[in-house]
Amino acid sequence: MKYMPTIGLEIHAELKTKTKMFCHSKNDSEEKKPNVNVCPICMGHPGTLPVINKEAVKHVLKVGVAVGGELANFTEFDRKNYFYPDIPKGYQISQYKFPLVKGGTLHNIQLTRIHLEEDTGRSIHKGSESLVDFNRAGVPLMELVTEPVIANAQMAVAFAKELQLLLQYLNVSDANMEKGEMRVEANVSVSPKSKIKSQKLGTKVEVKNLNSFKSVERAIEYEIKRQTSLLEKGEKVAQETRGWDENKEITFSQRQKEESHDYRYFPDPDLPKLFISEIPEFKYDVLAKELSELPWKKRERLIHTFKIRPQDAETYIRIPVYGKFFDSVIQNIAGDKSLILLSSNYISSDIIGLSQEKESVGKIEPQHFASLMKMIKEKKVSSRGAKDILKEMFGKGGNPEKIAKEKNLLQTSDTETLSKIIEKVIEANPSVVSDYRAGKETALQYLVGQGMKESKGSANPEILKELLKKKISTS
Ligand code: ADP
Ligand code: MG
């Protein structure tokens, strides 16, 4: 029997805000000293009252607009009750029945919902001691849930990468997975492939603690194999939460999955209900206007309008230094498509080569780079010469025309100057000219060489050759 995997993702992202979700403590993921960004509210002291962070709500709504989701008219926060040393209140404030956003799609995957909650503190285990750092407790956390429609590990990773990119573009989260700013949970199930359309999904296993794209991919692949072999042996898959062991590259059972009623959700009585549609700055159109160019729009623009290579487009989309540089160069080129392509080729091969993985354009100014591209197109410099000039610009900056002059790299394409040179060459080499006329192709190469010599290396060899051919055949 054939088996078919199904994956649904739950992705958490720490939002970039000045303060925490419900208090004035600083939201600072860079803080190394434990328990400094804390206050009675995020420490859950009795008698304190939380206040909703508007900036965090707006961040989630912006994501909602970007993915074409439905923004809630009415929304509220709920208490999710569970007991763990890193949640000071004994409950986490989250959203249950009324998430901020419903539906939407990203990277062709249907989304279920996007809601807002607070992060927990961090437990640190040292030998027999356990310590808790509450700097992160109460930091605004966005949770995005997809429908169970992802077919394999690669698609799951591609989705997570696209979400990361979106969050960074919207500047709502740095979404760095290594720093735990974005965390992926993968729900995986396997079911026998049926010929009928209404496929029944298998029992799902939730894999937690996936802190890199590589882990997401490996963990999902591992789970698919594990579950498939269980089913092949006629055994059942237990519904549970599993962890990912990065070193052994295996998943391991953590706990039997709790049901949502275990959390005894109920609306937080300390927080007001929100009527989103009545808040002017949260209106769909207002938020839509604030969005910058979304990554997939940019991709479309680069690939379809400019016809640049997809892998180069991806470089400009994902690495801001190159993306911004490419955009500024384009502005100095005024829509000349062949120059845009030429620029892209020089950026993606030469500049990236020069930067030696440092993600930099060195001291190159976009307008100078654009001038160099024009010089190449107009054959004022050879491609060999252009590489030398670019290297100089990368290290020291400067204007390519000036550098070309200094380094004697300017080529003459001016027909008048070249014609004079040609006349001299033809006059001085009558026998070579007749050899060429008699069909000896290499003779022409010799004449070009003589012309280059005559011009002290400044002639454009291709144009020189063309002019020579013409001159000999017509005289
Ligand atoms: P829970 O109540 O256990 O959190 P949900 O129905 O809310 O379960 O789904 C949580 C996540 O699990 C979603 O991303 C969803 O797409 C995914 N999911 C649900 N059922 C399955 C399944 N059978 N196989 C794979 N993923 C699933
Ligand atoms: Mg869940």
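Atoms within each ligand, like the ligands themselves, are counted from 1 in listed order. What's counted below: heavy atoms across the whole structure, side chains too, no hydrogens, waters or symmetry copies. Worth saying up front: this structure is predicted, and the values here are computed from it rather than measured.
- In terms of polar-atom proximity, Pro148 is counted as a contact of ligand 1, with an N or O under 3.5 Å from an N or O of the ligand.
- Annotation: the span from Lys387 atom NZ to Ser349 atom OG amounts to 5.5 Å, rounded to 0.5 Å.
- Residue Lys204 has at least one N or O atom closer than 3.5 Å to an N or O atom of ligand 1.
- Here Phe369 and Tyr346 keep their ring centres 6.0 angstrom or further from each other.
- Atoms of ligand 1 lying under 4.0 Å from any heavy atom of Glu147, numbered from 1 in the order shown and given with element: 16 (O).
- Contacts between Val145 and ligand 1, counted as non-hydrogen atom pairs separated by less than 4.0 Å, involve the side chain only.
- A salt bridge does not link Lys80 to Glu117: none of the charged side-chain nitrogens sits closer than 4.0 Å to a carboxylate oxygen.
- For Lys298, the NZ atom sits in a packed shell: over 12 heavy atoms of surrounding residues, nucleotides or ligands are nearer than 6.0 Å.
- Pairing each heavy atom of Ala386 with each of Val381, the nearest pair is CB-CG2, 4.2 Å.
- Atoms of ligand 1 lying under 4.0 Å from any heavy atom of Gly202, numbered from 1 in the order shown and given with element: 23 (N).
- Taking only nitrogen or oxygen atoms, main chain and side chain alike, Gln239 does not reach within less than 3.5 Å of ligand 1.
- A distance of 7.0 Å separates CD in Glu10 from NE2 in His12, rounded to the nearest 0.5 Å.
- Those atoms of ligand 1 that come under 4.0 Å of a heavy atom in Leu9, given as number and element, are 14 (O).
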